[in-house]
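The structure appears below as structure tokens.
First listed ligand is number 1; within each ligand, the first listed atom is number 1. The structure presented is a predicted model; accordingly, all values stated were derived computationally and were not measured.
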Amino acid sequence: MRFAVVFAALLPIFAQPALAGETSADQMVGKARAAIKELGGGLKEKLVSAMKEGGPVAALDVCNIDAPKIAAERSAASGMDVGRTALKVRNPNNAPDEFEKSVMEQFVADLKAGADASKLDRAEVVMQDGKMVFRYMKPIMTASKPCLACHGSELKPAVASKIKELYPEDNATGFSAGEMRGAFTVTKTLD
Ligand code: HEC
């Protein structure tokens, strides 16, 4: 009896391939949103506690080690490649590919035109090296606190020199509050 009910409920989806496609696309976007929420939450929690405990210089060490680690953990847990990128990066490993670069340029243009950052995102399936790849991105905005201590224009000398030591090619300072700092990015190759 139970089986019959479940089967009946699923039938319309199987009967309409287009609908099934849409459903799974929606599910992918939902999964991507959930994964970046966890990544953002995990990073924030680490950052806030490290800043509280040791200030920005000590927190830099934590970001340096934990940011890539948390991204790797979230990628493994979600089955999607989850990370952060930016037009101006601190860690060269976070440098954008062509798709990410063009989406971020579009975000900047949309924000300039008055778009609400919290509602801005982009999901697309693209062909990459002959494969269908799901891509999802969402802007990361610079809040005044605590981002500017490490990404603003007036860094404390000790913070500036620690950044130079850890990231000799750093390009991620000079931001002001409310600017787009970068974006979350999710990639998944579809079979
Ligand atoms: C304690 C210093 C510090 C603070 C505060 C800080 N960051 Fe960062 N940020 C870093 C470091 C270090 C990296 C490089 C992490 C890595 O190696 O992956 C980074 C990387 C990033 C990246 C990834 C792209 C890139 O440039 O490599 C984004 C996006 C970012 N930060 C946004 C923010 C935002 C938004 C805030 C405020 C909520 C913030 N950061 C606060 C130190 C900091």
Next on the checklist: Could you walk me through whether Glu124 and Arg135 satisfy the salt bridge (charged side-chain N to carboxylate O under 4.0 Å, His left out) test, starting with their C-alpha distance in whole Å, then the side-chain angles of each, then the deciding distance to 0.1 Å, before giving a yes or no?
Outcome noted: CA-CA 5 Å; Glu124 219 169 282; Arg135 312 280 319 235; over 6 Å; no
Item to check | Side chain to side chain, Met141 and Leu111, heavy atoms closer than 4.5 Å | outcome: yes
Item to check | Interatomic spacing from OG1 in Thr173 to CG in Leu148 - rounded to 0.5 Å | outcome: 11.0 Å
Item to check | Shortest protein contact, atom 38 (C) of ligand 1 (heavy atom only) | outcome: Cys147 SG, 2.6 Å
Checklist entry - Do Val186 and Asp81 come close enough that some side-chain heavy atom pair is under 4.5 Å? => result no
Checklist entry - Which residue owns the protein heavy atom closest to atom 30 (C) of ligand 1, what's the atom, and how far is it? => result Arg84 NH1, 3.3 Å
Checklist entry - Which protein heavy atom lies closest to atom 43 (C) of ligand 1, and at what distance to 0.1 Å? => result Cys150 CB, 3.5 Å
Item to check | Proximal ligand 1 atoms for Met141, defined as those under 4.0 Å from one of its heavy atoms | outcome: 35 (C)
Checklist outcome for this item: For Ile140, the ligand 1 atoms with a heavy-atom partner under 4.0 Å come out as 29 (C), 35 (C)
Next on the checklist: Are Leu60 and Cys150 packed together at the side-chain level, in the sense that at least one heavy-atom pair is separated by less than 4.5 angstrom?
Outcome noted: yes
Checklist entry - Which heavy atom of the protein is the closest neighbour of atom 11 (C) of ligand 1, given with residue, atom name and distance? => result Arg90 CD, 3.5 Å
Checklist entry - Taking only heavy atoms of Ala59, which atoms of ligand 1 are found under 4.0 Å from at least one of them? => result 1 (C)
Checklist entry - Closest non-hydrogen protein atom to atom 17 (O) of ligand 1, residue and atom name please, with distance? => result Tyr167 OH, 2.7 Å
Checklist entry - Got an N, O or S from His151 under 2.8 Å of atom 8 (Fe) of ligand 1? => result yes
Item to check | Ser176 versus Glu179, side-chain donor and acceptor atoms under 3.5 Å | outcome: yes
Checklist entry - Please walk me through it: do Thr142 and Met180 pass side chain to side chain contact (heavy atoms under 4.5 Å, CB included)? => result CA-CA 6 Å; Thr142 310; Met180 188 179 91; over 6 Å; no
Next on the checklist: For ligand 1, which is the ligand I care about here, please tell me if Asn91 has any N or O atom under 3.5 Å from one of the ligand's N or O atoms.
Outcome noted: yes
Next on the checklist: Are any of the N/O atoms on Thr142, whether in the backbone or the side chain, positioned under 3.5 angstrom from an N/O atom of ligand 1?
Outcome noted: no
Next on the checklist: Among Thr185, Asn94, Ile65, which one puts a heavy atom closest to atom 24 (C) of ligand 1?
Outcome noted: Asn94
Next on the checklist: Is Pro146 close enough to touch ligand 1? Criterion: a residue heavy atom under 4.0 Å from a ligand atom.
Outcome noted: yes
Next on the checklist: Under 6.0 Å from the ring centre and within 45 degrees of the ring axis: does the NZ or CZ of Arg84 meet both conditions for the six-membered ring of Phe184?
Outcome noted: no
Next on the checklist: Could you check whether Lys162 pairs with Asp61 (Lys NZ or Arg NE/NH1/NH2 to Asp/Glu carboxylate O, under 4.0 Å)?
Outcome noted: yes
Next on the checklist: For Val159, which part has a heavy atom under 4.0 Å from ligand 1: side chain, backbone, both, or neither?
Outcome noted: neither
Checklist entry - Would a 4.5 Å heavy-atom cut-off, applied to side chains only, mark Met127 and Val133 as touching? => result no
Checklist entry - So, Tyr136 and Asp121: side-chain donor and acceptor under 3.5 Å apart, yes or no? => result yes
Next on the checklist: Taking a cutoff of less than 4.0 Å between a non-hydrogen atom of the residue and any ligand atom, is Lys44 in contact with ligand 1?
Outcome noted: no
Checklist entry - Going by the order shown, which atoms of ligand 1 are within less than 4.0 Å of some heavy atom of Pro56? => result 1 (C)
Checklist entry - When you measure from atom 32 (C) of ligand 1 to every protein heavy atom, which one gives the shortest distance, and what is it? => result Arg181 CG, 3.3 Å
